[in-house]
K.L.:
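Okay, here's the structure, questions in a sec.
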Amino acid sequence: MFSHDDERFMRMALAQAEAALYLTSPNPRVGCVLVKDGAVIGAGHTQRAGGPHAEVMALRAAREAGHDTVGATAYVTLEPCNHFGRTPPCSMTLLEAGVARVIAAVEDPHPAAQGGLARLRDAGVEVRCGLLRDEATEINRGFLRRAQGGLPWVRVKAAVSLDGRTALANGVSQWITGEAARADGHHWRARACAVLSGIGTIRKDDAQLNVRAVDTPRQPRRILVDSRLEVSLEAKLLHSHGGPVTLLHVSRDADKEAELRDRGVQLIQVPEAANKPGKVDLRAAIQALADEGLNEIHVEGGGKLNGSLIAAGVVDELLVYVAPRLLGEGPGIAEQPAYSLLGDAPLLQLHSAQVIGEDVRILARFRPQQG
């Protein structure tokens with residue numbers, strides 16, 4: 001169905017989409033390559049939210065280079081949008097440019113944006129879809145998940161020893177892994193729409209939850225689960241450089257809320273967990289973040305928060321950096337119930353494993369019925 005050249009040009013489009021990995025939130029990361037007479041005449045990727053989409057950038061590059069786009073083929077990593085949002089529909093833009101053929105990697109499931117391929121096909125453009133679908137899906141896991149299921153893609157990150165400890169018995173945890181692994185972790189922060197943690201981690205580490213180890217054009221939002229509004233007004237989270245801070249809470253305290261708002265904090269009151277009085281209902285909290293337009297949530301919390309998120313059924317994957325050292329007694333990644341049978345314990349799917357410096361990065365995913 002697709003030729004070797006089709007795959008080659010789509011891989012170029014995927015490379016364009018990857019160049020937008022840290023940029024486009026909450027919009028999807030999309031790449032586009034224009035080809036005519038077997039040669040690339042333009043390429044581009046989606047810009048910041050409200051800016052030009054990938055198709056527009058590729059057409060602009062082609063025209064600036066003096067190329068005629070009539071009769072060209074457009075390779076796009078996501079179905080061209082079909083609605084008027086902050087920008088006009090990309091499907092109409094391609095039609096106006098005279099593109100004769102469009103090959104897309106994956107359909108756009110967003111109700112407002114879908115239909116671009118149908119419009120192009122109805123207008124006489126040759127349309128095909130599905131080339132390198134899996135690769136394109138990986139780039140936009142969060143966007144596709146929220147558009148299809150209503151919840152963001154939630155990733156829990158942890159650094160552990162070979163014996164599975166996230167800290168010594170006395171609580172010391174800096175640093176279990178090496179510098180390369182820590183920098184890699186900041187790449188994963190940078191690609192997320194938001195970095196989420198709990199009040200326990202903020203009290204213990206005074207964490208900033210921002211991206212520091214890599215260059216990024218956009219800082220992710222910082223989310224704090226703080227049921228009782230216990231965060232110190234002097235916490236680094238509230239004073240350091242980074243994305244906006246959102247606090248998820250249950251209890252009300254008018255004076256503390258006013259002080260937090262004065263520091264630019266967004267407050268979202270969420271329901272109380274049915275089985276944990278005074279605690280945030282984490283599934284409702286994640287839904288609230290989806291309603292805020294967040295596609296990909298990167299969690300850096302302690303064992304209690306991680307365990308509670310897993311129990312709530314909202315975690316999609318674990319990103320674990322394993323250091324070649326033994327720590328002995330100490331906490332683990334997530335507090336879990338005591339299973340009596342191995343078959344009752346969650347079994348994840350190993351997605352990837354890679355050496356990062358002196359450590360190993362493991363990405364494991366919960367099976368669909370659990371995540």
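Residue numbers start at 1 and run along the sequence shown.
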K.L.:
Pairs of donor and acceptor atoms involving the side chains of residues 93-106, under 3.5 Å and at least two apart or interchain, shall be tabulated with distances.
P.N.:
residue: T93; atom: OG1; partner: P89; partner atom: O; Å: 3.1
residue: R101; atom: NH2; partner: D6; partner atom: OD1; Å: 3.2
residue: R101; atom: NH2; partner: D6; partner atom: OD2; Å: 3.3

K.L.:
Determine, for D5 against R8, whether the closest basic-nitrogen to carboxylate-oxygen distance falls under 4.0 angstrom.
P.N.:
yes

K.L.:
Please report the shortest heavy-atom distance between S227 and G278, naming the atom on each side.
P.N.:
CB-O, 3.1 Å

K.L.:
Treating N140 as the side-chain partner and R29 as the backbone partner, does any N or O pair qualify as donor plus acceptor under 3.5 Å?
P.N.:
yes

K.L.:
Are L363 and V355 linked, directly or through other ILVMFWY residues, by side chains that come within less than 4.5 angstrom of each other?
P.N.:
no

K.L.:
Distance-only criterion, 3.5 Å: show the donor-acceptor pairs between side-chain atoms of residues 318-332 and protein atoms not counting sequence neighbours.
P.N.:
residue: Y321; atom: OH; partner: D184; partner atom: OD2; Å: 2.5
residue: Y321; atom: OH; partner: G185; partner atom: N; Å: 3.4
residue: R325; atom: NE; partner: I176; partner atom: O; Å: 3.2

K.L.:
How many angstroms lie between CG in L289 and SG in C193, if you round to the nearest 0.5 Å?
P.N.:
10.5 Å

K.L.:
Please check if the number of heavy atoms outside E179 that lie under 6.0 Å from its CD is greater than 12.
P.N.:
no

K.L.:
Has K36 got more than 12 heavy atoms of other residues, nucleotides or ligands less than 6.0 Å from its NZ?
P.N.:
yes

K.L.:
How long is the span from the OG1 atom in T77 to the CG atom in L131, to the nearest 0.5 Å?
P.N.:
11.0 Å

K.L.:
Answer yes when R155 and E317 have at least one side-chain N-carboxylate O distance shorter than 4.0 Å, and no when they do not.
P.N.:
yes

K.L.:
May I have the step-by-step check of side-chain contact (heavy atoms from CB on, under 4.5 Å) for N82 and D108, ending in yes or no?
P.N.:
CA-CA 10 Å; N82 196 43; D108 190 337; over 6 Å; no

K.L.:
I'd like to know if the side chain of Q287 and the backbone of R283 have a donor-acceptor N/O pair within less than 3.5 Å.
P.N.:
no

K.L.:
Side chain of R182, backbone of T177: donor and acceptor closer than 3.5 Å?
P.N.:
yes

K.L.:
Would you confirm whether Q219, through its side chain, and V211, through its main-chain N or O, come within 3.5 Å as a donor-acceptor pair?
P.N.:
yes

K.L.:
Specify the closest pair of heavy atoms between L34 and A74, including all atoms of both residues, with the distance to one decimal.
P.N.:
CD2-CB, 3.7 Å

K.L.:
By the rule that ILVMFWY residues connect when side-chain heavy atoms come within less than 4.5 angstrom, directly or transitively, which residues belong alongside L247?
P.N.:
V195, I199, I202, L209, L224, L229, V231, L233, L237, L238, V245, L260, V265, L267

K.L.:
Let me check something: any side-chain donor-acceptor pairs from residues 37-49 under 3.5 Å, sequence neighbours excluded? List them with distances.
P.N.:
residue: H45; atom: ND1; partner: Q47; partner atom: NE2; Å: 3.4
residue: T46; atom: OG1; partner: A54; partner atom: N; Å: 3.4
residue: Q47; atom: NE2; partner: H45; partner atom: O; Å: 2.9
residue: R48; atom: NH1; partner: P217; partner atom: O; Å: 3.3
residue: R48; atom: NH2; partner: P217; partner atom: O; Å: 2.5

K.L.:
Which pair of non-hydrogen atoms, one from V214 and one from A183, has the smallest distance, and what is that distance?
P.N.:
CG1-O, 3.8 Å

K.L.:
Give, for atom CG of L117 and atom CG of L78, the distance between the pair rounded to the nearest 0.5 Å.
P.N.:
9.0 Å

K.L.:
Report, as yes or no, whether the 6.0 Å neighbourhood of atom CG on L350 holds more than 12 heavy atoms from other residues, nucleotides or ligands.
P.N.:
yes

K.L.:
In terms of hydrophobic clustering (I, L, V, M, F, W, Y; side-chain heavy atoms under 4.5 Å; direct or indirect links), are W188 and V314 co-clustered?
P.N.:
no

K.L.:
Linking I/L/V/M/F/W/Y whenever their side-chain heavy atoms sit closer than 4.5 Å, directly or via other members, would I297 and V315 fall into one cluster?
P.N.:
yes

K.L.:
Between F366 and I310, is there a side-chain heavy-atom distance shorter than 4.5 Å?
P.N.:
yes

K.L.:
So, the side chain of E79 versus the backbone of G116: is there a donor-acceptor pair under 3.5 Å, distance only?
P.N.:
yes

K.L.:
Does H298 offer a backbone N or O that forms a donor-acceptor pair with the side chain of K157 under 3.5 Å?
P.N.:
no

K.L.:
Would you say I333 ends up clustered with L309 if hydrophobic residues are merged whenever their side chains have heavy atoms under 4.5 Å apart, either directly or through other cluster members?
P.N.:
yes

K.L.:
Checking N295 now: which residues fulfil side chain to side chain donor-acceptor pair (under 3.5 Å) with it, not counting sequence neighbours?
P.N.:
R146

K.L.:
Which residue pairs pass the salt bridge (charged side-chain N to carboxylate O under 4.0 Å, His left out) test with at least one member in residues 53-62, sequence neighbours excluded?
P.N.:
none

K.L.:
Measure the CZ-OG1 distance between F143 and T137 for me, rounded to the nearest 0.5 Å.
P.N.:
11.5 Å

K.L.:
Could you measure the distance from the CG atom of L151 to the CD atom of Q148? Nearest 0.5 Å is fine.
P.N.:
12.0 Å

K.L.:
Please determine whether the number of non-hydrogen atoms from other residues, nucleotides or ligands lying under 6.0 Å from atom NZ of K304 exceeds 12.
P.N.:
no

K.L.:
What residues, two or more places apart in sequence or in another chain, satisfy side chain to side chain donor-acceptor pair (under 3.5 Å) together with Q269?
P.N.:
R252

K.L.:
Per the side chain to side chain donor-acceptor pair (under 3.5 Å) rule, what does the pair list look like for residues 190-201, sequence neighbours excluded?
P.N.:
R191-E296

K.L.:
Applying salt bridge (charged side-chain N to carboxylate O under 4.0 Å, His left out), which residue pairs with at least one partner in residues 129-140 are found, sequence neighbours left out?
P.N.:
R11-E135, E107-R133, E138-R141, E138-R365

K.L.:
With a 4.5 Å limit on heavy-atom distance, are the side chains of S240 and R222 in contact?
P.N.:
yes

K.L.:
For the atom pair NE2 (H53) and SG (C32), what is the distance rounded to the nearest 0.5 Å?
P.N.:
12.5 Å

K.L.:
State whether a side-chain donor-acceptor pair under 3.5 Å links K276 with S308.
P.N.:
yes

K.L.:
Are L294 and W153 in one and the same hydrophobic cluster, where Ile, Leu, Val, Met, Phe, Trp and Tyr link if side-chain heavy atoms are under 4.5 Å apart?
P.N.:
no

K.L.:
With sequence neighbours left out, what residues match A284 under side chain to side chain contact (heavy atoms under 4.5 Å, CB included)?
P.N.:
P271, D281

K.L.:
Please table the atom pairs, donor to acceptor, closer than 3.5 Å between any side-chain atom in residues 15-26 and protein atoms at least two apart or in another chain.
P.N.:
residue: Y22; atom: OH; partner: H187; partner atom: ND1; Å: 2.4
residue: T24; atom: OG1; partner: N27; partner atom: O; Å: 2.8
residue: T24; atom: OG1; partner: P28; partner atom: O; Å: 3.4

K.L.:
Sorted by first residue and then second, give each salt bridge (charged side-chain N to carboxylate O under 4.0 Å, His left out) pair with at least one member in residues 198-216; sequence neighbours left out.
P.N.:
R203-E230

K.L.:
F9 vs Y75 aromatic rings, parallel, tilted or perpendicular, using cut-offs 30° and 60°?
P.N.:
tilted

